[in-house]
Amino acid sequence: MSARDYKPTLRLPDSPFSMKADLAKREPQWLERWKSNATYRAAMDAAILPPFVFHDGPPYANGDMHYGHVLNNTLKDFVTRFRLSVGHSVRFVPGWDCHGLPIEQNIERKLGAKKRELSTQQLRALCRDEAQKWVQIQSEQRQRIGMLGTWDEPYLTMQPRFEAQVMRALASFVDKGLLYRGRKPVWWSTAERTALAESELEYEEGHRSPSVYVRFAATQSAVDLLAKRFPTMRHSNVSLSAVIWTTTPWTLPANRALAVNPALEYVLLERPNDAGLTEYLLVAAALAESFIKACGWGAPESLPRTMHGAGEPLLGAELVGLAFLHPFESRESPIVSADYVEATAGTGVVHTAPGHGRDDYMTGTRNGLVVDSPVDDGGAFTEELGPVAQSWGLVGKHVFDGNPIIVEQLAALGVLCNRAGEEIVHSYPISWRSKKPLITRATVQWFIALDEPMASGAHQGRTLRDVALTEIDRLAAEGHAAAAAERDACGWVPAWGRERIHGMIAARPDWCISRQRAWGLPIPALHCVSCEKATITRALIEHVAAIVQAKGADAWYDPEVDVIPAGFACEHCGKSDGFTRDQNILDVWFESGSSFFAVCSEGKDLRIPVDLYLEGSDQHRGWFHSSLLVGIATLDQAPYNTVVTHGFVGEKVQRTLPDGRVKEQLVAISKSVINEKKSRGEDVSVYDPMKVIATDGAEILRLWVASNDFTGDVGLSARGFQQVREGYRAIRNVLRFLLQVLRGESPTPIDQLGHDLEPLDRWALGRLSALVTHCEQSYRRYEFRAVIGAVTEFVSDMSGFYLDVSKDWLYNDAPSSPRVRSSLAVIDAMARGLAMVLAPILPFTAEDLWDHLPKRTDDPTSVHLCRWKSLAEVSDFDALAQSVADIRAIRERVQGALEPMLQAWGAEKSGATKEQREPGADSARWPESARIDHARDVHATVEITLDESSRIAALGPVLSECLLLGDLTLRTGDSRLPPVIARGSTVACVRCRRRLPNVAASTSLCPRCTHAVDAWDAAQP
RNA sequence: GGGCCUAUAGCUCAACCGGUCAGAGCGCCCGUCUUAUAAUCGGGAGGUUCCGGGUUCGGGUCCCGGUAGGCCUACCA
């Protein structure tokens, strides 16, 4: 008689949800579906809470999406989706920064010489097209990673409406009396012919500059004073000079003073000069030796004698006011005092050209020095040079070409101490775009004053800097209060953001907001032809803003458009005709800093101040910083409530230190690095995010972001991605199993099942409930890593314990069995809970899960329309958790005893043929009773304590299932005694394969299976 | 040079106010089921918590000093 095949009577896992995610192919289909169903719009419309205003920091519209964007955009989308799901309306308006140097230079490079033939308007049109092109490309790339946003209505800094609003933001600075025009040294790029902002500088290591030591001869009065302090000094036939060191000889024509540190000691060096006479050189005592070496005077015949002041050392303070002579022009350079002079390099006497250095400028202002800067936009010397310098033919020469000429002339004049042509290697500022060295040059620029009392507004009388610092601290305080009260994170996230931006605001100079370029927003000021002064007023700005709003900023460059409002007059001379338009454009940071004002000040679901900014930590100096200043001008407060920052993406590279330790270094993913790898034949696919999307899917990138701690640096590696893929599979596999067990059937919802839930299911439900709560808190604190961590842990726990254990009845019981219905209700809740919790991070997978989930009538069509719902707590969860913990402890004891037997029999078995493995086969060395293939074959006898016994009572009925055993005998006694493991002596049920005492001889079925088969048979037609 | 930050198993991360043998997932090694199989389940190996001091009954956790790394910045004349 052949045994019946009971397999069809089992409730085995079954679902079309495939393990193969095929994300790269299927993600675009979901995107298309969400688009055509207007899912995002529907989610916003369903909002029940006030809007959550999340303002996008505009990426620069130039180049493809890189990993920095991936990190930033993905984090942003986690927030948008979570906030939507809890019921806020989140209108995320994606933006782009469109103006500025990089785009203008791209165009110029393409144009080459043709550039000169174009008008400003034509050039701007080309730039506009270029920016638009990249906006389009980046928009598609940002959407492809699953980012929600109003992509059909983005904001662009080159939109007329935006431009007009930026101008109005500028008017707020005018109102407060903070905008001024001044002549100040700024970093200047002679290649781009423009001033650069601090954020546009880079530093080049290993830059070579000339190094010159130059004599400034003393006037008679200086000689007289020094003679008093140095009694041994000779008076006749001597020369006396102060010596400076500089690496920018080209600034010497603009020298106006010599700076010394008042607290530093100075000495005279006595040596025979080249003409055989005695010369005295004034330098700082601490630097005398290095100076002598630098000049090559170390040889005995020329070694100078150091003279100290008689009695008391000669301090810099005593030198202040002494006059020395400019080395070639006929004028004096007085000695002035400056604290920043150090005894670390040079001579301790510092060449001061107020037109060519920020410190020099401040020193100059304090001492009433002339600020001259005889250099034009392109870096060529002008006729403002003194007569001697002009006679050297410097006019029209670039300053860096002027360097060798000046050095040569200094040598000819005999004022050079070291040899002409000597250089030093140091780091030097270069332009971020052209990589050409920069100069400091005094130019007329527009500035925003940080230390002027404000003329109007809520903070009238206080300075911009002061109010900004107060606002920074206010946000920090709110953040701390929220953390203490366990509310949603706000303020600076992470909290050290406060230190960063505070330090930067405290130390920054006035904000230079003008640039001398074409591709940007013009500064709407008018210059009076008769008095040559500039006027900018709110009325003028409002007038121009209205024109710009209607016609775009190009109108400023159109002579046909009248930009002068009625009744306009020069503020300085009162004339009402004869004006020219200012040719400066605004710093792009001013534009982006005004974006909250331009984008969020009006419109449905928008409001200022906004709730959230989320960008890389470089924006503490960039966007957060400029937005704060504009916020104070326009709103009298910070424009945001919360600022979240993330770190940077780089490849982790191992490096061996000299002491043998191995350290990791983060290397930016640059094109040159990738090409180098390519040439070595390495796999570089991981370095291009769009390529990763094309092969693995955006979901993998998103999970990668969520798996890393974004507050620091995020390392990128092929191995790291492999790990993320594995992590994804682990989650997906459990999701699949949940669906398989449900088999498309819709179980009774848990809230309707109530107390009919079995204890083990109540435990699992309690775990789920805790997971949902924990994830919600983590999302509210921007701790996405904790969400994934908790989900991974949960999923692994369910897979390894709860689901594994439940299989016994899920597979074998009759479908109507109460414990099957109980488990399915919880498994259904679990699938739904995981879909909800994962949706913000893995929107595609969550939707995939949702698509396959047995639906109820009130279920929305998309998981992204589901409202976040926390689950009721399980009242007896703590007791259940204790039971489960006890059971798992017992299980470990059993496993500990069982494992060696399984391993031994396994090893034996693998060495045997199939026939030898059959029960009763003679050749097998092991007795049948010792052959244990599986825990299910085992009858275990375990001793437990009385306490354990009472604590596990609730789960008593399913104890042997929880231990995954065939049969179990528990005895109260000494829990330290090892469990007794034996092959179950009884017959195994052919259907559920467990060795149980009462298996029917006729059918070889246990009672449970008999019942299940009967029920199955009865249900057959 | 300055400011801010970071440093825990091969990898990615945990560890509440300082307090039980520093945990998890992945990877690795051994074994297993064939009723989750592009799976599952069991077991195992892996850590001087960067280094050195200090405070403390007790330090991964606090303080000081180094080292390495990151971002930002600078008056290297």
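Basis for what follows: all heavy atoms, side chains included, without hydrogens, waters or symmetry-related copies. Residue numbers begin at 1 in each chain, while the letters A, B, ... track the order of the sequences.
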Next on the checklist: Just confirming the chi classification of B:G46, syn or anti, using 90° around 0 as the syn window.
Outcome noted: syn
From [options], nucleotide with atom closest to [X] side chain:
{"X": "A:Thr248", "options": "B:C75, B:C41, B:A77", "value": "B:A77"}
{"X": "A:Thr246", "options": "B:C71, B:A77, B:U35", "value": "B:A77"}
{"X": "A:Met19", "options": "B:U40, B:A38, B:U12", "value": "B:A38"}
{"X": "A:Leu12", "options": "B:C13, B:U35, B:A36", "value": "B:U35"}
{"X": "A:Lys7", "options": "B:U35, B:A38, B:C71", "value": "B:U35"}
{"X": "A:Lys807", "options": "B:A77, B:G43, B:U40", "value": "B:U40"}

Next on the checklist: Set out, in order, the CA-CA distance, both residues' side-chain angles and the distance that settles side-chain hydrogen bond (donor to acceptor under 3.5 Å, both in side chains) for A:Gln722 and A:Arg725, then state yes or no.
Outcome noted: CA-CA 5 Å; A:Gln722 188 51 37; A:Arg725 280 186 215 104; 2.5 Å; yes
Write down the distance separating the [atom1] atoms in [N] and [M], rounded off to the nearest Å.
{"N": "B:C64", "M": "B:A9", "atom1": "P", "answer": "24 Å"}
{"N": "B:G19", "M": "B:A15", "atom1": "P", "answer": "12 Å"}
{"N": "B:A22", "M": "B:C51", "atom1": "P", "answer": "16 Å"}
{"N": "B:C13", "M": "B:U8", "atom1": "P", "answer": "9 Å"}
{"N": "B:G31", "M": "B:U49", "atom1": "C1'", "answer": "32 Å"}
{"N": "B:G65", "M": "B:C5", "atom1": "P", "answer": "13 Å"}
{"N": "B:G47", "M": "B:G60", "atom1": "C1'", "answer": "11 Å"}
{"N": "B:C26", "M": "B:G42", "atom1": "P", "answer": "11 Å"}

Next on the checklist: Can you say whether a donor on the side chain of A:Glu899 sits under 3.5 Å from an acceptor on the base of B:G42, or the other way round?
Outcome noted: yes
Item to check | B:A77 base / A:Thr251 side chain donor-acceptor hit below 3.5 Å | outcome: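 Absent.
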So, is [X] close to the [N] phosphate, meaning a side-chain N or O under 4.0 Å from OP1 or OP2?
{"X": "A:Ser799", "N": "B:C41", "value": "yes"}
{"X": "A:Asn708", "N": "B:C13", "value": "yes"}
{"X": "A:Arg891", "N": "B:G42", "value": "yes"}
{"X": "A:Arg993", "N": "B:U35", "value": "yes"}
{"X": "A:Arg719", "N": "B:U12", "value": "no"}

Do the side chains of [Y] and [X] get nearer than 4.5 Å, heavy atoms only?
{"X": "A:Leu1005", "Y": "A:Val990", "result": "yes"}
{"X": "A:Leu701", "Y": "A:Thr74", "result": "no"}
{"X": "A:Arg215", "Y": "A:Cys417", "result": "yes"}
{"X": "A:Trp589", "Y": "A:His625", "result": "no"}
{"X": "A:Leu824", "Y": "A:Arg11", "result": "yes"}
{"X": "A:Tyr728", "Y": "A:Leu23", "result": "yes"}
{"X": "A:Arg1008", "Y": "A:Cys989", "result": "no"}

Using atom [atom1] of [X] as one end and atom [atom2] of [N] as the other, report the distance to the nearest whole Å.
{"X": "A:His625", "N": "B:U73", "atom1": "NE2", "atom2": "P", "value": "10 Å"}
{"X": "A:Trp511", "N": "B:U73", "atom1": "CH2", "atom2": "P", "value": "14 Å"}
{"X": "A:Glu615", "N": "B:C71", "atom1": "CD", "atom2": "P", "value": "17 Å"}
{"X": "A:Leu703", "N": "B:C26", "atom1": "CG", "atom2": "C1'", "value": "12 Å"}
{"X": "A:Phe17", "N": "B:U37", "atom1": "CZ", "atom2": "C1'", "value": "16 Å"}
{"X": "A:Phe737", "N": "B:C33", "atom1": "CZ", "atom2": "P", "value": "19 Å"}
{"X": "A:Trp589", "N": "B:C72", "atom1": "CH2", "atom2": "P", "value": "10 Å"}
{"X": "A:Phe794", "N": "B:C13", "atom1": "CZ", "atom2": "P", "value": "24 Å"}

Determine the contact category for [X]: base if any of its heavy atoms lies under 4.0 Å from a base atom, sugar-phosphate if only primed atoms, P, OP1 or OP2 are that close, otherwise nothing.
{"X": "A:His620", "value": "nothing"}
{"X": "A:Tyr811", "value": "base"}
{"X": "A:Gly896", "value": "nothing"}

Report, one pair per line, the protein and nucleotides 14-25 of chain B atoms (nitrogen or oxygen only) whose separation is under 3.5 Å.
unit_1: B:G25; atom_1: N2; unit_2: A:Gln723; atom_2: NE2; d: 2.7

Checklist entry - If we ignore angles and hydrogens, is there a donor and acceptor under 3.5 Å between the side chains of A:Arg994 and A:Ser960? => result yes
Quick check against the 3.5 Å criterion: does [X] have a side-chain atom that pairs as donor or acceptor with the backbone of [Y]?
{"X": "A:Arg991", "Y": "A:Thr9", "value": "yes"}
{"X": "A:Tyr361", "Y": "A:Ala442", "value": "no"}
{"X": "A:Arg785", "Y": "A:Ser707", "value": "yes"}
{"X": "A:Asn418", "Y": "A:Tyr213", "value": "yes"}
{"X": "A:Thr246", "Y": "A:Thr248", "value": "yes"}

Checklist entry - Which atoms form the tightest heavy-atom contact between A:Gly497 and A:His620, and what is the distance? => result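 In terms of heavy atoms, the two residues are closest at CA-NE2, 3.6 Å.
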Item to check | Toward the 5' end of RNA chain B, by each residue's nearest nucleotide, A:Phe801 or A:Leu10 | outcome: A:Leu10
Checklist entry - Starting at the 5' end of RNA chain B and moving along, which residue's nearest nucleotide shows up first, A:Asp713 or A:Val350? => result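 Looking at RNA chain B, the more 5' nearest nucleotide goes with A:Asp713.
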Item to check | Pair A:Phe624-A:Trp492, ring-ring contact (aromatic ring centres under 6.0 Å, His included): steps then yes or no | outcome: CA-CA 11 Å; A:Phe624 304 149; A:Trp492 306 104; 7.1 Å; no
Are there any protein N/O atoms within less than 3.5 Å of an N/O atom in nucleotides 2-6 of chain B, and if so, which ones and at what distance?
unit_1: B:G3; atom_1: N2; unit_2: A:Arg500; atom_2: NH1; d: 3.0

Checklist entry - Which residues pass the salt bridge (charged side-chain N to carboxylate O under 4.0 Å, His left out) test with A:Lys20, sequence neighbours left out? => result none
Checklist entry - Can you name the residues that form a salt bridge (charged side-chain N to carboxylate O under 4.0 Å, His left out) with A:Asp618, not counting sequence neighbours? => result none
Checklist entry - Is there a residue in residues 252-261 of chain A whose heavy atoms reach under 4.0 Å of RNA chain B, and which residues are they? => result none
Checklist entry - Name the stems with RNA chain B in them: runs of three or more consecutive Watson-Crick or G-U pairs, distances under 3.5 Å? => result B:1-7 with B:67-73, B:10-13 with B:23-26, B:28-31 with B:41-44, B:50-54 with B:62-66
